[in-house]
Amino acid sequence: MKKELPNIYKSEISNKFDRNLHTYHIPNDSSHSEKGVHHLDQEELSVEDKLKKLFQSSRYVFNIGVEIITKKRVYHTKIAGKVKNSIVTIDGEVIPMIEIDDIIIKDRL
């Protein structure tokens with residue numbers, strides 16, 4: 001005694017929807033540069049602000065590529081975490097915050 005269900009009306013889609021390919025929104029705030037939407041002015045932020053931004057990102061911090069510039073060396077790595085006044089990298093290096101001149105975020109947040 002299997003009963004058939006009623007048919008559901010489905011209209012055919014005849015239009016091509018490509019509006020998203022041609023339309024976009026650029027927010028009107030100072031965090032976006034004139035060169036592009038996704039390029040943030042990282043030079044204006046301090047090292048502490050950049051670290052705060054990394055840790056508050058929706059992505060895991062150890063998946064974001066960074067370039068840490070110190071007085072002695074340039075590190076191309078990913079940050080594993082922060083311990084007291086130092087940064088620990090994925091490579092196992094401990095970099096004191098005092099020695100860091102700049103942090104450049106390579107990947108998008």
Side-chain angles (χ1 to χ4, degrees):
M1 291 184 100
K2 230 179 189 181
K3 220 177 184 183
E4 281 193 35
L5 296 174
N7 291 334
I8 298 174
Y9 173 74
K10 296 182 281 185
S11 65
E12 292 189 26
I13 299 174
S14 60
N15 297 340
K16 183 178 177 185
F17 296 104
D18 60 351
R19 180 182 171 144
N20 289 344
L21 298 175
H22 304 293
T23 307
Y24 54 90
H25 174 72
I26 299 175
N28 193 15
D29 63 354
S30 63
S31 66
H32 294 82
S33 69
E34 296 173 5
K35 295 178 184 175
V37 175
H38 299 293
H39 181 268
L40 296 175
D41 290 330
Q42 294 182 9
E43 293 81 26
E44 295 177 4
L45 298 175
S46 68
V47 174
E48 291 82 15
D49 290 338
K50 290 179 185 179
L51 283 174
K52 185 177 179 182
K53 185 176 178 182
L54 277 171
F55 285 110
Q56 289 179 348
S57 165
S58 62
R59 296 179 56 198
Y60 293 112
V61 71
F62 52 83
N63 286 336
I64 302 170
V66 294
E67 183 176 325
I68 301 173
I69 301 171
T70 64
K71 296 172 179 129
K72 299 177 185 177
R73 185 175 161 195
V74 176
Y75 300 89
H76 298 279
T77 185
K78 297 176 181 178
I79 296 176
K82 182 179 174 186
V83 178
K84 294 184 182 178
N85 292 329
S86 299
I87 293 177
V88 180
T89 66
I90 290 289
D91 306 327
E93 308 230 8
V94 178
I95 306 168
M97 292 280 291
I98 297 172
E99 292 183 8
I100 298 174
D101 291 334
D102 195 12
I103 295 177
I104 300 172
I105 302 169
K106 295 292 184 181
D107 297 335
R108 68 182 183 110
L109 299 177

Quick one: does any side-chain atom of D102 pair with a main-chain N or O of I69 as donor and acceptor, under 3.5 Å? no

For V83, which residues count as a side-chain contact (heavy atoms from CB on, under 4.5 Å) partner, sequence neighbours excluded? V88

ring-ring contact (aromatic ring centres under 6.0 Å, His included) against F62, all qualifying residues, sequence neighbours excluded: Y60

Do I104 and V66 come close enough that some side-chain heavy atom pair is under 4.5 Å? no

Got a second to check how far I98's CD1 is from T70's OG1, nearest 0.5 Å? 13.0 Å

Separation of I79 CD1 from T89 OG1 (nearest 0.5 Å): 8.5 Å

N85: partners by side chain to side chain donor-acceptor pair (under 3.5 Å), with sequence neighbours left out: none

About how many Å separate OH of Y75 and CD1 of I87, when rounded to the nearest 0.5 Å? 10.5 Å

Could you see if I68 belongs to whatever hydrophobic cluster contains I90? Use Ile, Leu, Val, Met, Phe, Trp, Tyr and a side-chain cutoff under 4.5 Å. no

What verdict does the side-chain contact (heavy atoms from CB on, under 4.5 Å) test give for I105 and I64, after you've listed the backbone C-alpha separation in whole Å, the side-chain angles of each residue and the deciding distance to 0.1 Å? CA-CA 7 Å; I105 302 169; I64 302 170; 3.9 Å; yes

A80 and V61 have their tightest heavy-atom pair at O-CG1, 4.3 Å

CD1-CG distance between I100 and L51, expressed to the nearest 0.5 angstrom: 6.0 Å

Who passes side chain to side chain donor-acceptor pair (under 3.5 Å) against D49, sequence neighbours left out? S46

Using a 4.5 Å cut-off on heavy atoms from C-beta on, say whether the side chain of N63 contacts that of D107. no

Between S86 and P96, the two heavy atoms sitting closest are OG-CA, 3.8 Å

Applying salt bridge (Lys or Arg N to Asp or Glu O under 4.0 Å) as the test, list every pair that has at least one member in residues 67-88; sequence neighbours left out. E67-K106, R73-E93

Residues in side chain to side chain donor-acceptor pair (under 3.5 Å) with T77, at least two apart? D91

